[in-house]
Amino acid sequence: MPTPKRITVLISGSGSNLQAVIDAIDSGQINGRIERVICNQPEAYGLTRAANAGIDTVLINHRDYDGRESFDAALIEAIDASTADLIVLAGFMRIFTDDFVIRYQDRMLNVHPSLLPKYKGLNTHQRAIEDGESHGGCSVHFVTPELDGGPVVLQGAVAIEPSDDASALQQRVHRMEHIIYPKVVEWFCAERLSWSAGQILFDGEPLPAGGFTQQSL
Ligand code: GRF
């Protein structure tokens, strides 16, 4: 078995995606080890999840910094203090400077609650329902300086029911996130997925445009 990849997870909230990754490591699906969890919200429940799993936590409260540059510098210090082969953004609700993103661009993943490129930004479920979409969903993508605009690796679609409000849809999409995010982390840690020399490779071949869909796996 190759050396487990060292993962750093950034959270701001409940941390259910963090939990999904912890569980997938425990079950042997992911050949990785979470070195530390970095959080910007003191009251985030994800900090408790990390502590329960025996993972080091670092609190970097953005309110203690006078701007994005100094906040990102503190993040960089915390990330680089323990080598990170992979950075997993799991509900981290801060926008980074371009310099921060470019530093980690080939090894930083995010999950976004929409079928990108549709519905970047916030209130994704409400907007999808209002537009009469047949499906919502979620996307795991590499992070680039364009917000929610990095290359998509895997998407999971969820049918929108006539009775759905944003909260009902969000719950089903969240469950889909817990399937597809560990899957992509598994691929990265198994070196099936990489971003090298400007292109994303999966099993040695360029990733299809728009990535994979969960239904096709
Ligand atoms: C998820 O909905 C994810 O798509 C978004 O933030 C939320 C994080 O949820 N980026 P959790 O903290 O992992 O439960």
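FYI, side chains are in, hydrogens and waters are out, and symmetry mates aren't considered; it's all heavy atoms of this structure. Counting starts at 1 for both ligands and their atoms, following the listed order.
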**Student:** Honestly curious: do Val111 and Val153 fall in one hydrophobic cluster under the side-chain, below-4.5 Å linking rule?
**Tutor:**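 In one cluster with Val111: Val153, yes.
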**Student:** Using a strict 4.0 Å cut-off to heavy atoms of Glu177, name the atoms of ligand 1 that fall inside it.
**Tutor:** 1 (C), 2 (O), 3 (C), 4 (O)
**Student:** Which of these, Asp72, Asp98, Asp80, sits in a salt bridge (charged side-chain N to carboxylate O under 4.0 Å, His left out) with Arg103?
**Tutor:** Asp80
**Student:** Out of curiosity, is Val111 lining ligand 1, as in a heavy atom under 4.0 Å away?
**Tutor:**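 It does, in that a heavy atom of Val111 comes within the 4.0 Å cut-off of ligand 1.
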**Student:** Regarding ligand 1, does Leu18 bring an N or O atom to under 3.5 Å of one of the ligand's N or O atoms?
**Tutor:** no
**Student:** Could you check whether any heavy atom of Gly15 sits closer than 4.0 Å to an atom of ligand 1, since that is the contact criterion I want to use?
**Tutor:** yes
**Student:** Describe, in one word, how the ring planes of Phe92 and Phe96 are oriented to each other, choosing from parallel (under 30°), tilted (30 to 60°) and perpendicular (over 60°).
**Tutor:** parallel
**Student:** Any idea which atoms of ligand 1 are less than 4.0 Å away from a heavy-atom of Ser16?
**Tutor:** 11 (P), 12 (O), 13 (O), 14 (O)
**Student:** Would you mind checking if Glu186 and Lys183 are paired as a salt bridge, meaning a charged N to carboxylate O distance below 4.0 Å?
**Tutor:** yes
**Student:** Return yes or no for this condition: an N or O of Asn17 is under 3.5 Å from an N or O of ligand 1.
**Tutor:**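 Yes - when backbone and side-chain N and O of Asn17 are compared with those of ligand 1, one distance drops under 3.5 Å.
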**Student:** Before accepting this row, confirm whether a basic side-chain N of the pair Asp131/Lys118 lies closer than 4.0 Å to the acidic partner's carboxylate O.
**Tutor:** no
**Student:** For atom 7 (C) of ligand 1, what is the nearest protein heavy atom, given as residue, atom name and distance?
**Tutor:** Gly91 CA, 4.1 Å
**Student:** Would you mind listing which atoms of ligand 1 come within a distance below 4.0 Å of any non-hydrogen atom of Pro113?
**Tutor:** 4 (O)
**Student:** Check Glu191 with Lys5, please: is the shortest side-chain N to carboxylate O separation under 4.0 Å?
**Tutor:** yes
**Student:** Using a 4.0 Å heavy-atom cut-off, say whether His174 meets ligand 1 through its side chain, its backbone, both or neither.
**Tutor:**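 It is the side chain that touches ligand 1; the backbone stays farther off.
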**Student:** What's the verdict on side chain to side chain contact (heavy atoms under 4.5 Å, CB included) for Asp99 and Glu69, showing C-alpha distance, side-chain angles and the deciding distance?
**Tutor:** CA-CA 9 Å; Asp99 284 352; Glu69 281 77 14; over 6 Å; no
**Student:** Regarding ligand 1, does Ser14 bring an N or O atom to under 3.5 Å of one of the ligand's N or O atoms?
**Tutor:**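 In this structure, Ser14 places an N or O atom under 3.5 Å from an N or O of ligand 1.
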